[in-house]
Amino acid sequence: MIKIYNTLTRSKETFKPVKENRIKLFVCGPTVYDDSHIGHARTYISFDVIARYLKYRGFSVFYLQNITDIDDKIINRAISTGNDPLDLAREFEAEYLKDMEKLGVENVNFYARATEHIEEIKAQIETLLKSGFAYETDNGVYFDVSKYPDFGKLSNRKIEDLNVHRISPDPNKRNPEDFALWKKKDVKPVWNSPWGAGRPGWHIEDTAITEEYFGPQYDIHGGGLDLIFPHHEAEIAQMESASGKKPMVRYWMHTGFLNVNGEKMSKSLGNFITIKELIKKYPPEVFRFFTLSTHYRSPIDFSQEILEQSQNSLKRINKFYETIDELLNIETSTFDQYSPEESSPPSYIPETGENDEQFNRLLEETRIKFLEAMDNDFNTPLALSLLFDFIRVINRNVQQGTISQKPLLNIKFFFNDISNILGFNFTSTSENSKNNLTEELVDLIVDIRNKLREKKDWELSDEIRSQLDDLGIILEDK
RNA sequence: GCCAAGGUAGCUUAGAGGCGAAGCGGUGGACUGCAGAUCCAUUACACGGGAGUUCAAAUCUCUCCCUUGGCUCCA
């Protein structure tokens, strides 16, 4: 039974899709006017894991994301760089998709561009106008918040409180908190509409897109915490008014902020880190681990030091996975050739052992606890800590030679599942790098060094090891 | 002013009434020619202060202190 924290009710609820077994998941995508930053990465990795887990749990997940490719920021950026706004948007959209691919975010089924849903947007505005929820002014078409008494239910605000700190509200609007559905414009990218040329407001694209692919009601809507107000609030108002159906979304999920060195990430503070900059310094998996070591709703603090910690922690899991592989591979490659007469038999571990049952039981317990942790609002930090507990016990038994192949094989399958769910790739280097020239050359150097070691030429051996280390190749003598 | 999230060992995080918290880091030991990895031990009977409820409180209640964020665009 999966429980999800619902921003709307501010409590954990048992998850039940509208349609049995089929989940419609929408997550707000980026406005493509610049390179994506590590805050985006945090959010999209979180939802990537959520989608992966729901699939693992047997649900069929349709994960939809919008791409905001028309917006003031894009236009301003295009003007300042002398580009066409739509070209600029395409360019950064491509960069975004590349970044996501590198981060291992691969579960989005469809990316929907705002500019390719102008007809749906206009249709929804038309509906809202006809039913009296929207009105037209000289500047555009606005949603009349006073017609929707539930406005503020997601962000827990009262309409009265909203206009307190407003600066210079548009006098043509009926209420200061009314928001634009259509902006009348005559410059640059504009589309024709019954209300004149212009372009859509920010909020309407999402509901137009979700209505097109999901209908007026669906399961999960996700995004960053900062989108709750006003964006998601506006979405609810639009869609529920247009369709007359409530709720538009059953579960609202929001990811916490990523801060840098305890401060909000912003361009003015100079602590703005793009995904590209990040993955120049650290493998994407390290960032993924960092992300998953904090609950998705909690704020997360990014710093070099913490990323180093994540790197070391992840190394421990990878190392463990490699150890298992090695133990099992030794068997497959040398077990048949082993004969008791040989003076130095190849090291191997027995196929079965007397403790097999015990290890299988431990594995099952760990699996159950892991699933329980993930079921409980996707508690990845707890899930990871369970893995570490398990790894320690198995390592101990590996060291003591008290574990056999059979349980190790089961463990390997379990970790394959884990790597799928969390989006890691634990595959050991030995599996990946066969037929690789670099690897062969390294093997050659290692062979030579082993001969030096036989001659007890420690000085040269150590120098070779140290120089390999400088090249990023870590040599560990057994 | 209004809303929200927090303050748990050196660092990063789980836990949410009773059971040894996990990882990283430090120190010592086992193993090793050395180093690394791994294991064992230790740092470490941790929960911002105060009061209350309870047989029992990091966990519930009250109160105080502090941090961060949102209320304009933002994942």
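Keep in mind that what you see is a predicted model, and the values were worked out from it rather than measured. A note on names: the letters A, B, ... follow the listed sequences, proteins ahead of strands, and every chain is numbered from 1.
The nucleotide B:G52 finds its pairing partner in B:C60, both defining distances of the Watson-Crick or G-U wobble pair being shorter than 3.5 Å. The base-pairing partner of B:G69, taking Watson-Crick or G-U wobble contacts with both distances under 3.5 Å, is B:C3.
Note on A:S385: only backbone sugar-phosphate atoms sit closer than 4.0 angstrom, heavy atoms only; bases stay farther off. Backbone-only contact: A:N379 has heavy atoms under 4.0 Å from sugar-phosphate atoms and none from a base. Nucleic acid contact class of A:K456 (heavy atoms, under 4.0 Å, all strands): none. Backbone-only engagement by A:S155 is indicated by non-hydrogen atom pairs under 4.0 Å involving sugar-phosphate atoms exclusively.
Proximity of the aromatic rings of A:F320 and A:F415 is defined here by a centroid distance below 6.0 angstrom, and this criterion is met. In this structure, the ring of A:Y44 has its center less than 6.0 angstrom from the ring center of A:Y96.
Separating the P atom of B:A21 from that of B:A16 is a span of 15 Å, rounded to the nearest Å. Comparing the P positions of B:U27 and B:G36 gives an interatomic distance of 11 Å, to the nearest angstrom. Taking atom C1' in both B:U42 and B:C34, one finds a spacing of 25 Å when rounded to whole Å. The P atoms of B:G69 and B:C64 are separated by 23 Å, rounded to the nearest whole Å. Taking atom P in both B:A4 and B:C40, the straight-line distance is 45 Å, to the nearest Å. Between the P atoms of B:C19 and B:G33, the separation comes to 45 Å (whole Å). For the P atom pair drawn from B:A30 and B:A22, the interatomic distance equals 24 Å after rounding to whole Å. Between the C1' atoms of B:C60 and B:C47, the separation comes to 16 Å (whole Å).
For the segment residues 282-294 of chain A, residues with any heavy atom less than 4.0 angstrom from an atom of RNA chain B are, sorted by number, A:S293, A:T294. Near RNA chain B, meaning a heavy atom under 4.0 Å away, the residues from residues 386-404 of chain A are A:F388, A:D389, A:R392, A:N395, A:R396, A:Q399. Of the residues in residues 459-469 of chain A, those with a non-hydrogen atom less than 4.0 angstrom from any atom of RNA chain B are A:D462, A:R465.
For B:A58, the O4'-C1' to base torsion is within 90° of 0; the nucleotide is therefore syn.
Checked by distance alone, A:E305 brings no side-chain donor or acceptor within 3.5 Å of a matching partner on the base of B:C11. With hydrogens and angles ignored, no donor-acceptor pair closer than 3.5 Å exists between the side chain of A:R316 and the base of B:G23. Between the side chain of A:D71 and the base of B:C73 there is no donor-acceptor pair of N/O atoms closer than 3.5 Å.
Counting heavy atoms of neighbouring residues, nucleotides and ligands inside a 6.0 Å radius, atom CD of A:E354 does not exceed 12 of them.
Comparing A:G39 and A:S298 against RNA chain B, the residue whose closest nucleotide sits nearer the 5' end is A:S298. If you find the closest nucleotide of RNA chain B to A:Y5 and to A:H37, the one lying nearer the 5' end belongs to A:Y5.
Comment: A:E13 does not engage A:R250 in a salt bridge, judged by the lack of any side-chain N to carboxylate O separation of less than 4.0 angstrom. Checked for salt-bridge contact, A:E372 and A:K369 miss the test: no charged N lies under 4.0 Å from a carboxylate O. No salt bridge links A:D72 with A:K185; every basic N to acidic carboxylate O contact stays at or beyond 4.0 Å.
Between A:D377 and A:H295, some side-chain heavy-atom pair lies under the 4.5 Å cut-off. Residues A:F287 and A:F302 form a side-chain contact, since some pair of their non-hydrogen atoms from C-beta on lies under 4.5 Å apart.
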